[in-house]
Amino acid sequence: MSVLGRPVLSQADIEALEVSFTDDDKSEPSFDIDDDDLILLTLKNVHRSPLRKEQALHPSILETQRSEKITITQTPSPDWHLFETTCIKKRKIHFPDPVSFDIEAQISTFSSSPIKADKKNNKVIEKQLTEPASKESPVIDLTSNEDKPELTTSTQKPSTPPRSTSAPVVTTSIGVRNIHTVTASNAQPLNSRIHLLTQIPKRPDVFQFTQKDSQEIDDAQPKLVKPLVLSLEQEKVIQLAKQGLGIFYTGSAGTGKSVLLRNLIKELKEIHPQGTVGVAASTGLAACNIGGQTLHSFTGIGLGDADVTKLLTKIRRNKKVRSRWLDLEVLIIDEISMIDGNLLDKLNLIAQRLRKNKKPFGGIQLIVCGDFYQLPPVSKTQSAKFAFEADCWDEVVPITLKLSKIFRQRGDLEFIDMLNEVRNGRISPRVEAEFQKLNRPLPVDQGITPTELYPTREEVERSNKRRLDSIPNEPLIFKSYDTGSLKDEEQIQHMLSNFMAPKTLTLKKGAQVMMIKNVDATLVNGSVGKVLDFIDPDTYLFYKKVSGENSELELDTIEQEIEAKILSNGKKLDASLKPSEKLISNASNLAKLDLDDSVFSFMKCIKSKKKTVSEDLRRKLELINTLYKNSSGRRLPLVRFLTTDGETRDVLVEPEQFSINDIDEKPLASRVQLPLILAWSLSIHKSQGQTLNHARIDLRRVFEAGQAYVALSRATSRKGIQVLNFNKEKIRTNPQVEMFYQKIYTVDDAVEKAKIQQKQKPLDDASAHNEAKENSNYERMAPNDIIKHLTRRR
Ligand SMILES: Nc1ncnc2c1ncn2[C@@H]1O[C@H](COP(=O)(O)OP(=O)(O)OP(=O)(O)O)[C@@H](O)[C@H]1O
């Protein structure tokens, strides 16, 4: 962080400061800083050393006197007014040279509006100030009272009364959360004194996933997710793919291309030998969604900028990549719309030369999918072209077809028509008027606000951070466990950076989150929810037992189960006590684990028909407390999701494994993390492939063809979408795409074409296969061996 040259300490600086502290201590301190808070920086072990930029501070904010002392010299923001008038005088101090600090610093936050934060936290501190007679700046002595324990009482008077001065005493209240007292004294003769109550930076709970979690995920029974029944159309595409044909399949947003792809990969892997079905995608994010690699890394071409000869040399040098190319029978590429056609041509030539096979793509069956009306190729060069403009396109994917049934917006046919016009870039006045009508706020459902879609990642991060910061609850940080089989750590990190699941996930009770894995038919990638609480898996099981349909479960039964659970954890219970007392007595003997009141809050939704409902509930709360105290202490977010059927479902979100796999299914890079991201906002890029029930889209800053279509088509219905700044002039479609789509077959026509093509196949499949195999063997042999082999054959 550098605030050099800034006149004031702004909120942005404070946020940056938090970051700079993490350098020193890997865990990130968190500061509950409200917009109108007053920030006081206190620094310890100040010394002059070569300036490290991120540690530099504005000289007008602090001046170091000597170790452990600082002087406040200027009001860094209007919020400092209180201090300025009472004891701190403006005085410009010039630093001869920059000063840096051991990062042993504290940030102190004070609520500038008296009592505001205090009522909530029940921590009111009275601060007494003595007007300094001197014009000199006071010195805050950090050494005194520094290690006093936190105060938790509602009112606390300063331990040392102010020394008498002739100046009037100003008394004011300031709200301080974590309290830490230091004495500030003006070193001038009058000894005016200020009692400052500072905040110790809070260390949020950090939860680090470990190898054990990864192992547990591997060992766990695979989750039984009821598979979707594929439509006839989707089934037919799978059948075509199984015939060995080169296929490109497309379809409007929401026609189930991704669902089909996942099934198709599974089925093709079943009929082809292991290591012969390659799965790749244009972007890391898309690759991660299908468990594959990016096309660049799968094919071993690096950036792919060099010419074919150089790329071939590069591939040949890499034994692993070379044999991958030679073994390949099928190559599946997702999100083809973002692949440059020039690259496809290069890969075609590489495949033919490497495999010594003149057939399209060197005899590899190519299956590509995507929607060219969505995001276009990302290329640094101006000459980028669509994949369908590649010279080899017609040969490598002779069958091009489109799915017609739209699943995502199936409940709102009118919306499907509107989206079709956006897709084609021709908006009729009627549809324009309909979109204008969608410029109205959406109702907040279960406290969940519609997810805002932004074109850039920065906007998303800023917006999510702002919302999270505004929640006064304690943060809980989940850190991922990352591994990879690649030797090159940088490459692993690059792959991991494309994962949707973040390295560090900071959550709070009340945070809005999105599920990023498909769980079942109604809890899907894109389902949004709110964190209700953080609880351990045992307590969650109990919650499940006593909530919903089971709310009438007898207490005895619950008690017995909890007892069994505690015993299975290796704990002992006093057998002489009654069952109802046994558990509680045991709990009281355990290490003090404070069960946050909020942990119980979700119990409020537990219904009971019993007359003694309050007694029943009280007992259940006791039991849950018992269970909680006996748990391992690991807490996971309990999230109330809005499911696709319009209902809500409470789910304890457990960690999942995300990976980018090699062709032989070995993870090249993998991450164990909760399958959640913050979801007040989302980038349009990340939203591709997702289904959102509630979205808010501002089209003002949309800049790319297809971006508006991607964003709008994430929503399931008009009921769930708010559209701001709809401007039909901004909805653009590429004319080449339109022309290309005119010649795409329907699925049924493609099936007919495939039949004809199969009949006309010039070479019998077996001999073609043998030829390809032989050629690929030659690629592996030394030149002398090839000559020997050919001579023998003759
Ligand atoms: N056969 C099916 N039966 C029921 N629902 C389906 C089926 N296929 C897909 N869906 C649902 O339709 C929605 C869209 O599916 P999917 O994401 O696969 O579409 P897509 O064509 O890949 O969309 P996009 O191009 O916008 O990313 C999802 O909610 C998915 O669960």
Side-chain angles (χ1 to χ4, degrees), residues 22 26-28 204-225 262 279 281 284-294 297 475-508 511 513-520 523-527 529 531 534-541 631-639 641 651-662 664-679 686 689-690:
T22 62
K26 295 290 176 245
S27 61
E28 286 142 49
D205 285 343
V206 177
F207 190 83
Q208 172 75 61
F209 291 112
T210 62
Q211 193 177 11
K212 194 164 157 261
D213 294 287
S214 170
Q215 196 59 47
E216 274 173 17
I217 294 169
D218 286 346
D219 295 346
Q221 292 276 347
K223 285 188 186 120
L224 286 177
V225 177
R262 279 191 286 274
V279 180
L285 190 60
C288 195
N289 279 340
I290 51 171
Q293 286 175 257
T294 61
S297 103
L476 201 61
I477 294 175
F478 295 91
K479 294 201 164 181
S480 64
Y481 171 68
D482 297 340
T483 46
S485 61
L486 289 171
K487 286 198 191 90
D488 185 351
E489 182 58 28
E490 211 176 298
Q491 223 181 333
I492 296 180
Q493 291 309 325
H494 177 70
M495 283 187 175
L496 290 168
S497 69
N498 284 312
F499 281 28
M500 190 90 159
K503 191 174 180 66
T504 301
L505 176 69
T506 305
L507 297 178
K508 284 179 178 175
V513 288
M514 180 177 289
M515 173 57 84
I516 54 168
K517 279 234 162 173
N518 285 309
V519 177
D520 54 35
L523 183 56
V524 295
N525 184 353
S527 295
V531 177
F534 296 96
I535 58 175
D536 60 281
D538 286 347
T539 311
Y540 175 66
L541 275 182
S631 76
S632 61
R634 168 185 169 136
R635 293 185 293 154
L636 295 171
L638 177 72
V639 181
F641 285 104
V651 177
L652 187 78
V653 182
E654 308 232 11
E656 295 267 0
Q657 186 118 23
F658 299 84
S659 51
I660 281 196
N661 292 338
D662 205 351
D664 51 10
E665 309 277 301
K666 279 209 198 90
L668 296 166
S670 80
R671 166 166 288 170
V672 173
Q673 179 58 285
L674 297 173
L676 296 176
I677 53 170
L678 292 178
K686 279 198 176 174
Q690 276 176 323

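Sequential numbering from 1 along the given sequence is applied to the chain's residues. Atoms considered below: every heavy atom in the structure, side chains included; atoms not considered: hydrogens, waters and symmetry mates.
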Any [X] side-chain heavy atom under 4.5 Å of [Y] side chain:
{"X": "Leu476", "Y": "Phe207", "result": "no"}
{"X": "Ser480", "Y": "Phe499", "result": "no"}
{"X": "Met495", "Y": "Ser297", "result": "yes"}
{"X": "Asp536", "Y": "Leu652", "result": "no"}
{"X": "Phe534", "Y": "Leu507", "result": "yes"}
{"X": "Val531", "Y": "Lys508", "result": "no"}

Run Asp482 and Lys503 through side-chain contact (heavy atoms from CB on, under 4.5 Å) and show every step you take.
CA-CA 8 Å; Asp482 297 340; Lys503 191 174 180 66; 3.1 Å; yes
Between the side chain of [X] and the main-chain N/O of [Y], is any donor-acceptor distance below 3.5 Å?
{"X": "Thr210", "Y": "Lys212", "value": "yes"}
{"X": "Gln293", "Y": "Ala287", "value": "no"}
{"X": "Glu656", "Y": "Gln673", "value": "no"}
{"X": "Thr504", "Y": "Lys479", "value": "no"}

Can you tell me how far the [atom1] atom of [X] sits from the [atom2] atom of [Y], to the nearest 0.5 Å?
{"X": "Lys686", "Y": "Met514", "atom1": "NZ", "atom2": "CE", "value": "10.5 Å"}
{"X": "Leu486", "Y": "Leu668", "atom1": "CG", "atom2": "CG", "value": "4.5 Å"}
{"X": "Ile660", "Y": "Ser670", "atom1": "CD1", "atom2": "OG", "value": "10.5 Å"}
{"X": "Leu505", "Y": "Leu674", "atom1": "CG", "atom2": "CG", "value": "6.0 Å"}
{"X": "Ser497", "Y": "Ile492", "atom1": "OG", "atom2": "CD1", "value": "12.0 Å"}
{"X": "Gln657", "Y": "Phe209", "atom1": "CD", "atom2": "CZ", "value": "11.5 Å"}

What's the shortest heavy-atom distance between [X] and [Y], and which atoms?
{"X": "Leu636", "Y": "Val653", "answer": "CB-O, 3.6 Å"}
{"X": "Glu654", "Y": "Pro675", "answer": "O-CD, 3.2 Å"}
{"X": "Arg671", "Y": "Pro502", "answer": "NH1-C, 3.6 Å"}
{"X": "Leu676", "Y": "Ile516", "answer": "N-CG1, 3.8 Å"}
{"X": "Ala501", "Y": "Phe658", "answer": "CB-CE1, 3.6 Å"}
{"X": "Ser214", "Y": "Val672", "answer": "CB-CG2, 3.7 Å"}

Between Arg262 and Asn518, is a side-chain contact (heavy atoms from CB on, under 4.5 Å) present by the stated rule, with each step listed?
CA-CA 12 Å; Arg262 279 191 286 274; Asn518 285 309; 3.3 Å; yes
Verify the distance criterion only: is there a donor paired with an acceptor across the side chains of Glu489 and Gln493 at less than 3.5 Å?
yes
